[in-house]
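Note that the structure is predicted; figures quoted are calculated from it, not measured. Hydrogens, waters and symmetry mates are skipped; everything else that's a heavy atom, side chains included, is used. Numbering of residues begins at 1 and proceeds along the displayed sequence.
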Amino acid sequence: MRRLVGIITLSGLLMQCKHVDQKSEPKANPVDRKLIGQGQPYAGQPSIDKEALANSMRYRREKAWDIVASVLREVPIAQGQGLGGFQPLGAKSLPLWQTWYDQAEFREVFKSLYGASGSDSRRQSRDFCPDALATALKKHAEKNLHIRYRGDRFENRLQQFNNVEQIRGISGRGITLFSPAIILHYMMNYQIAGRCRQERSKYMRETAPPSPENFAPCLKAEFPSRNSWPKQLATLDFSHCASQDMTLPDLSQRLQEEGGVAAAIKTSWTRVSPGQDVSHFNFDPESIEKAFEAGEWKPTGASPTVDLQPDQIYTIETIPDSAEDPRLRYQLTAMHIITKDVRDWMWISLIWSPDPQSNLGADRPPYLAQLKPWDNYKMCVTSGFDENDPNPGQSFQGDLPDLAASLNKIHSLAGPHTFCSNPFIERGKGNGRTNCIGCHQHARTGVGQDEIYLDAPNIPGNEERRKTYPHGSRSKLRQNFPSDYLWSFFEDDILDIVESYKLQDAELEK
């Protein structure tokens with residue numbers, strides 16, 4: 001779908017480090033967001049046994065599938081007024097993750113909120129007031145379209161949507177998307193987050209974290225987990241907001257309902273066109289061993305995109321603003337999901353497969369096994385640096401020996417650390433041995449991502465690098481995590497907007 005400013009490259013990397021070089025248009029222009037409505041929160045898992053999560057692969061995979069089901073849950077869209085022309089075939093709904101926000105939308109929301117805060121608050125870098133925080137995402141979703149879509153243009157565009165794939169294409173190919181909790185938390189932390197780039201040189205590996213409750217120096221508090229909004233709000237100063245009507249308990253409840261738990265996704269898409277294929281990757285013991293030896297995944301086959309149907313692979317079709325622009329179709333080959341269900345996040349990866357019932361897809365729960373096209377995606381997961389299950393495949397040996405064999409092979413190669421690598425998203429030397437969290441511990445520390453994974457075990461001269469980033473960069477090396485593990489950190493957007501208003505306010509004061 002054509003967007004307001006053409007194509008941009010997402011500079012922030014969300015999941016593992018060496019990624020497919022993709023481009024993404026801004027996820028939701030005003031028309032898209034009007035149809036989608038306010039981004040829906042990820043509520044988090046009602047209970048997770050952290051000891052079992054660390055010590056049992058079976059339990060870990062069960063909880064990962066639960067999270068996958070939550071993120072894929074269909075939520076209603078197009079609930080606003082003035083959408084009478086939006087009458088496509090199929091349910092007016094999207095998977096939860098497709099209602100979320102990309103970096104361009106964060107910039108738009110923050111700019112609106114910062115601009116409305118007033119010159120006095122901007123000059124003193126005050127926290128945003130409760131009412132402003134509580135209504136920021138709602139106002140963004142309800143933005144007036146009259147300037148851009150005068151007359152019947154908006155209604156005419158709504159009438160172009162005809163089918164399910166076009167509904168799914170409303171939000172475009174957002175590569176990296178963030179739940180409402182992450183967007184709101186950034187706005188509550190804009191002052192300290194904006195200083196991260198200048199101060200990150202202070203955060204050496206061995207530097208103690210700011211407090212036992214916060215290991216993220218670039219944030220006042222770590223990203224929101226389940227029921228943690230009171231802790232987040234305790235870091236803010238609302239003393240200048242005496243005239244505000246909303247009490248702190250009310251605001252906490254509002255943000256819990258509308259923000260939920262921090263979560264984010266990164267996706268990989270392939271355009272449907274003649275001559276374009278979707279690669280096949282195996283996760284049997286032999287293929288896993290080859291990936292560890294080479295440090296990268298090698299495809300074992302391919303399916304032409306034009307032969308894959310929407311019930312086999314998640315497919316979207318974009319509706320352009322102009323009738324002269326083509327309608328394009330894309331297929332989702334992979335997805336990373338991270339959620340703050342535990343302090344160091346859950347790291348989950350979905351991988352499209354033509355053989356989805358084997359090995360890493362064999363334990364798919366019944367609900368997802370019947371949910372097309374999501375029954376065609378395999379899954380790996382990690383929730384920490386160390387693999388504390390001494391025999392990860394043992395509990396699957398009796399009922400799922402195929403999965404057990406792959407997990408045992410992984411442990412023999414990656415142990416004593418965890419492993420989770422997605423061949424559609426992580427490419428290049430070193431990425432076949434990764435575990436997500438090992439790379440993300442270095443986010444926003446000034447370390448280049450190529451440096452982290454430029455690991456060639458059998459090449460002389462790399463001994464020093466292997467000492468610096470040992471075990472394929474799977475092991476824990478840091479005491480602090482400046483951005484709470486996220487490579488996509490909005491410091492540049494915040495600084496740009498703050499500096500722009502500083503100049504504007506100074507000009508008005510003359």
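Remark: R73 pairs with V75, L96 by the side chain to side chain contact (heavy atoms under 4.5 Å, CB included) rule, at least two apart or across chains. Scored by the salt bridge (Lys or Arg N to Asp or Glu O under 4.0 Å) test, R107 finds D493, D496 as partners (sequence neighbours excluded). Not counting sequence neighbours, the partners of D375 by the salt bridge (Lys or Arg N to Asp or Glu O under 4.0 Å) test are K372. Remark: Q504 engages Y501, L508 in a side chain to side chain contact (heavy atoms under 4.5 Å, CB included) (not counting sequence neighbours).
Each of V381, L371, L350 was checked for a side chain to side chain contact (heavy atoms under 4.5 Å, CB included) with V68, and the lone residue meeting it is L350.
Using a 4.0 Å cut-off between charged side-chain N and carboxylate O, D237 and R126 make no salt bridge. Using a 4.0 Å cut-off between charged nitrogen and carboxylate oxygen, K502 and E499 count as a salt-bridge pair.
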TODO: Assess whether side chain to side chain contact (heavy atoms under 4.5 Å, CB included) is satisfied between L368 and L72, documenting all intermediate values.
DONE: CA-CA 9 Å; L368 288 173; L72 300 183; 4.1 Å; yes
TODO: Walk me through it: do M188 and W229 pass the test side chain to side chain contact (heavy atoms under 4.5 Å, CB included)?
DONE: CA-CA 11 Å; M188 292 164 59; W229 282 103; 3.6 Å; yes
- [ ] Give the C-alpha distance, both sets of side-chain angles, the deciding distance and a yes or no for side chain to side chain contact (heavy atoms under 4.5 Å, CB included) between Y469 and V447.
- [x] CA-CA 11 Å; Y469 303 100; V447 173; 3.2 Å; yes
TODO: Dump the intermediate steps for disulfide bond (SG atoms under 2.5 Å apart) on C420 and C380, then the final yes or no.
DONE: CA-CA 5 Å; C420 184; C380 65; 2.1 Å; yes
TODO: For the pair D341 and R226, evaluate salt bridge (charged side-chain N to carboxylate O under 4.0 Å, His left out) and give the outcome as yes or no after the intermediate values.
DONE: CA-CA 7 Å; D341 280 295; R226 192 173 175 85; over 6 Å; no
- [ ] Decide yes or no on side chain to side chain donor-acceptor pair (under 3.5 Å) for H140 and E105, but give the supporting numbers first.
- [x] CA-CA 9 Å; H140 174 65; E105 278 200 284; 2.7 Å; yes
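Rounded to the nearest 0.5 Å, atoms CG (N422) and CH2 (W297) are 9.0 Å apart. How far OG1 of T99 is from CG of L35: 13.0 Å, rounded to the nearest 0.5 Å. How far CE of M379 is from CD1 of I337: 9.0 Å, rounded to the nearest 0.5 Å. One distance of note links CZ of R478 with OG1 of T445; it measures 5.0 Å at 0.5 Å rounding. Taking CG of L184 as the start and CG of L137 as the end, the distance is 4.5 Å to the nearest 0.5 Å. Here the straight-line distance linking atom CD of Q98 with atom CG of D32 works out to 11.0 Å at 0.5 Å rounding.
Proximity of S473 to C439: side-chain heavy atoms (C-beta onward) are nowhere separated by under 4.5 Å. Looking at heavy atoms from C-beta onward, R168 lies out of side-chain contact with T315 at the 4.5 angstrom threshold. In this structure, the side chains of M346 and I338 stay at 4.5 Å or more apart for every pair of heavy atoms. Side chains of Y114 and R122 form a contact here, defined as non-hydrogen atoms less than 4.5 Å apart. In this structure, the side chains of L233 and L255 come closer than 4.5 Å at one or more pairs of heavy atoms. Side-chain contact check for Q198 versus L495: some heavy-atom pair is nearer than 4.5 Å. Inter-residue side-chain proximity for R474 and T434 is flagged as unmet; no heavy-atom pair is nearer than 4.5 Å. Annotation: side chain of Y190 is in contact with side chain of F128 (closest heavy-atom distance under 4.5 Å).
Between the side chain of Y330 and the backbone N or O of S268 there is no donor-acceptor pair closer than 3.5 Å. A donor-acceptor distance shorter than 3.5 angstrom exists from the side chain of Q40 to the backbone of Q38, with no hydrogens or angles considered. In this structure, the side chain of Q256 engages the main chain of N227 through a donor-acceptor pair within 3.5 Å. T418 places no side-chain N or O within 3.5 Å of a backbone atom of N435 that could act as its donor or acceptor partner. Without hydrogens or angle criteria, W345 side chain to D484 main chain gives a donor-acceptor distance under 3.5 Å. R61 places no side-chain N or O within 3.5 Å of a backbone atom of W65 that could act as its donor or acceptor partner. A donor-acceptor distance shorter than 3.5 angstrom exists from the side chain of T235 to the backbone of Q232, with no hydrogens or angles considered. Between the side chain of Q441 and the backbone N or O of L477 there is at least one donor-acceptor pair closer than 3.5 Å. Using a distance-only test at 3.5 Å, with no hydrogens or angles considered, a donor-acceptor pair links the side chain of T135 to the main chain of D131. With hydrogens and angles disregarded, no donor-acceptor distance shorter than 3.5 Å links the side chain of R444 to the backbone of S483.
Nearest heavy-atom pair across G432 and S421 is CA-OG, 4.0 Å. Scanning both residues, R60 and T382, for their nearest heavy atoms gives CD-CA, 4.4 Å. Between E491 and A193, the shortest heavy-atom distance links the atoms CB-O, 3.4 Å. The shortest non-hydrogen separation linking W100 to I265 is CZ3-CG2, 3.8 Å. Residues Y59 and D49 approach most closely at OH-N, 2.7 Å, considering heavy atoms. In plain terms, the two heavy atoms of L332 and W352 that are nearest each other are O-CB, 4.4 Å.
E317 and Q166 share a donor-acceptor pair across their side chains, judged by distance under 3.5 Å alone. Side-chain contact, T267 with W269: a donor N or O sits under 3.5 Å from an acceptor N or O. Y42 and Q45 form a side-chain donor-acceptor contact under 3.5 Å, judged by distance and modelled atom types alone.
Here the two rings, on F178 and W97, have centers that are 6.0 Å apart or farther. Taking the centre of each ring, F481 and H442 stay at or above the 6.0 Å mark. Taking the six-membered ring for Trp and the full ring otherwise, the centers of Y101 and F106 sit at least 6.0 Å from each other. Outside the 6.0 Å centre-distance limit, the rings of Y314 and Y377 are not counted as a close aromatic pair. Between F424 and F281, a ring centre-to-centre spacing shorter than 6.0 Å is recorded.
Shown here is K111, whose NZ atom has no more than 12 heavy atoms of other residues, nucleotides or ligands within 6.0 Å.
Note on residues 213-224: pairs passing salt bridge (charged side-chain N to carboxylate O under 4.0 Å, His left out), not counting sequence neighbours, are D127-K220, E222-K340, E222-R343. Listed by first and then second residue, the side-chain hydrogen bond (donor to acceptor under 3.5 Å, both in side chains) pairs involving residues 179-189 are H185-N189 (not counting sequence neighbours).
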